[in-house]
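The structure appears right after this line, and notes come after that.
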Amino acid sequence: MAEPIRGGRVTVLEANAFTSFNAASASGNTDINAKIAHATRSGFGYVSPDRAIVRNERFGTYRKQSDDPFTVQYTVSPGVVWSDGTSIDAVDLVLAWAAGSGYFDDDTADGRGTRYFAPAGGVLRLAQTGFPEIGDDGRSITLTFTKRPTEWELALVVDVPAHVVAEKVGLPGKASLISLFRQTPKGNRRAPQTFSSPRLLAVAQVWNTGFDATTLPTDPVLTLSSGPYRVQSLVPGTSMTLVRNSTYAWGPDPAPDEIVVGFVPSTAAQVAGLMDGSADVIVPQAAMDGITALEELGSSPHAVQRFEQPGYEHLDLSFRGPFKDRAVREAFLRTVPRSEIARAIVGALDPDVAPLDSHFFLPGHPAYQRVVKDNGSADYREPDVDRARRMLGDTAPRVRILYNTDNPNRVAAFRQVRAAAEKAGFVVVDGGRGGSAWTRALAGGDYDAAIFAWAVPEPAASVAGQIFASDAPNNFNGFSDSEADSLIADIAVTAETEKRDQLLARLDRKLWDSAYGLPLYRTIGVVAHNAELAGVAPAGTVLGIWSSLYDWGWLAPRSG
């Protein structure tokens, strides 16, 4: 087979629109933001399409210094810079540590104290560390952990430029961040402060939301890159253009000169774009509006691949408002026709589709069948509207359901959930939002139930801390349970697979017992592309085909 050539443009159509240049923040934690970050950020390593951790020692190195205590030194290579020419160094590493460790937080469940940074991945990996030791070379830091975390090789990721954060809060230079961090005491939730550090709070606010954008920022420093591509243009809700980052020389170098990413939620419209040649790759929702069109691609000169994604659609209930009462939560969940929803939405692509019965394990995982036999999911396998009606008695709880109105699968699921719940006596309010408004609403909490999706990496240990801990950044529904928090803390430092799976199984049972919400079905991925574009391969990670970005390339020169 011919080798891909260097150069050319690739146009990719994605279902969701870009919203943030910091995909590591809770605000920016979406699949499309992570995909763009993969193209515009570099680091100590990345996850390959086969889910292996690949070290990038041209960017820098991480070296275990000791097992007891567990100590790791991170060093950025000389010459590694942001796309404006500013060096990536120890200050960037310390900012990444500060954002990901929760070191300064002293917030409590009763509303006292302050939480500063809001990382999407939670703080469990770096929470076990003390203040970093900064190397004399100015390019390295050493972290000492009280306990060895799982997935420690992925613990430190440089997501935003420290010099930009310093500039945005009026500090004289990025080194001032180190002084600020050193002057701020470690947070103590047992004795929370009655005041917050205003300068640290300002730094955290820039990191949390200062890089959010749906149009190209007027200040170009918000779009700086450390990866193979940089953002050249961004049309709100429509498209983004990536071009080569001319400063990049410390990692894999993809072949295309330019990547245009179109934001097209309609599966049928994506297929039409591939058919008429305006798109080279499509990554559509496996949705009802495009099943026929997708099937027609099978006889066209395009490569089509279907695959099981590492994620699932789910319905989560708020632990506030009408669902503060567990009995009301249970009654609502007993109305949900999970099998009907799964068959209606993805049954045409997977005739054997069945409801997902775990919050952590996906079908095919060695522990899945064993876990679902004893986790309580059987109580909700089929709906029981009559029982739900009896549980409600004379009450008619009013519940607002949030979902993405631009996503046809979520629209279909909402309609089925609403119809079933109303039969039991619930009054259902349509809380659907479109565009970036729905992600803001998800974090805002002004709803009683929400329909959306989670990615479940392997292992799923990181998901536990990101979503289900009482203080987790992605804990949108207010779930809080001391036993669950204890399990999550143990999961974060348990490396042995069988023991970790046992802890996850206990946490899974706790969620079902709490009437937390319902997994609906495992998501199915579809990718189709021009057969002349080599290297496009789906992967079992949240990045999907973007995991294979470094392998993309045209087999023949392209015009235009």
Side-chain angles (χ1 to χ4, degrees), residues 1-15 31-32 34-43 45-56 58-59 225-232 239-246 248-262 264 270-271 273-275 277-284 286 294 297-298 300-310 455 457 524-560:
M1 183 177 179
E3 288 292 320
I5 63 172
R6 185 173 176 83
R9 174 196 302 147
V10 174
T11 298
V12 183
L13 300 186
E14 290 276 354
D31 66 328
I32 186 62
K35 292 170 181 178
I36 299 303
H38 184 62
T40 60
R41 295 289 186 269
S42 188
Y46 58 93
V47 180
S48 70
D50 60 359
R51 294 186 289 187
I53 296 175
V54 180
R55 294 191 181 214
N56 179 12
R58 294 169 66 186
F59 174 90
S225 169
S226 63
Y229 295 96
R230 63 176 178 84
V231 176
Q232 182 184 64
S239 67
M240 169 182 279
T241 299
L242 306 176
V243 296
R244 287 193 183 279
N245 173 11
S246 62
Y248 175 78
W250 44 84
D253 190 17
D257 288 334
E258 181 178 316
I259 300 175
V260 177
V261 186
V264 181
Q270 285 201 25
V271 172
L274 186 63
M275 295 291 284
S278 60
D280 303 308
V281 186
I282 62 172
V283 189
L294 284 170
L297 281 178
S300 68
H302 299 99
V304 182
Q305 301 175 69
R306 300 177 185 179
F307 58 99
E308 292 182 326
Q309 293 180 317
I524 296 175
V526 179
V527 58
H529 62 91
N530 187 312
E532 287 297 305
L533 181 64
V536 178
T541 73
V542 68
L543 296 176
I545 61 162
W546 290 81
S547 290
S548 63
L549 170 66
Y550 302 132
D551 300 322
W552 296 2
W554 290 106
L555 296 176
R558 305 286 293 177
S559 60

Verdict with supporting geometry, Asp280 and Arg9, salt bridge (charged side-chain N to carboxylate O under 4.0 Å, His left out): CA-CA 9 Å; Asp280 303 308; Arg9 174 196 302 147; over 6 Å; no
Nearest heavy-atom neighbours spanning Pro228 and Ala39: CD-O, 3.2 Å
Side-chain heavy-atom pair Val526, Gln270 within 4.5 angstrom cut-off: no
Val260/Val12 under side-chain contact (heavy atoms from CB on, under 4.5 Å): CA gap, chis, key distance, verdict: CA-CA 6 Å; Val260 177; Val12 183; over 6 Å; no
Backbone of Pro252 reached by a side-chain donor or acceptor of Arg58 within 3.5 Å: no
Approximate separation, where rounding is to 0.5 Å, of Leu274 CG and Thr11 OG1: 11.0 Å
From CZ (Arg244) to CD (Glu258), nearest 0.5 Å: 11.0 Å
Gap between atom CZ of Arg230 and atom OG1 of Thr241 - 0.5 Å precision: 11.0 Å
Donor-acceptor contact present, side-chain Asn245 to main-chain Thr40, <3.5 Å: no
Atom pair CH2 (Trp552) and CG (Leu533), whose distance is rounded to the nearest 0.5 Å: 7.5 Å
Rounded distance (nearest 0.5 Å) linking atom OH of Tyr248 with atom OG of Ser42: 5.0 Å
Nearest non-hydrogen partners of Ile5 and Ala556, listed with the distance: CD1-C, 3.5 Å
For Ala537 against Ser548, the heavy-atom pair lying closest together: N-OG, 3.2 Å
Sub-4.5 Å side-chain heavy-atom contact between Ile36 and Tyr229: no
Straight-line distance of Glu532 CD to His302 NE2, nearest 0.5 Å: 10.5 Å
4.5 Å side-chain heavy-atom contact, Ile282 and Val527: no
Heavy-atom pair with the smallest gap, counting every atom of Gly553 and Ala255: CA-CB, 4.1 Å
Backbone N/O of Val261 and side chain of Glu14: donor-acceptor pair under 3.5 Å: no
Identified side chain to side chain contact (heavy atoms under 4.5 Å, CB included) partner of Trp546 from the options Ile259, Asp31, Ile32: Ile259
Test log, rule side-chain contact (heavy atoms from CB on, under 4.5 Å), inputs Lys35 and Leu549: CA-CA 10 Å; Lys35 292 170 181 178; Leu549 170 66; over 6 Å; no
Nearest non-hydrogen partners of Asp257 and Gly7, listed with the distance: OD2-CA, 3.3 Å
Whether Tyr550 and Tyr46 hold their rings parallel, tilted or perpendicular, with breakpoints at 30° and 60°: perpendicular
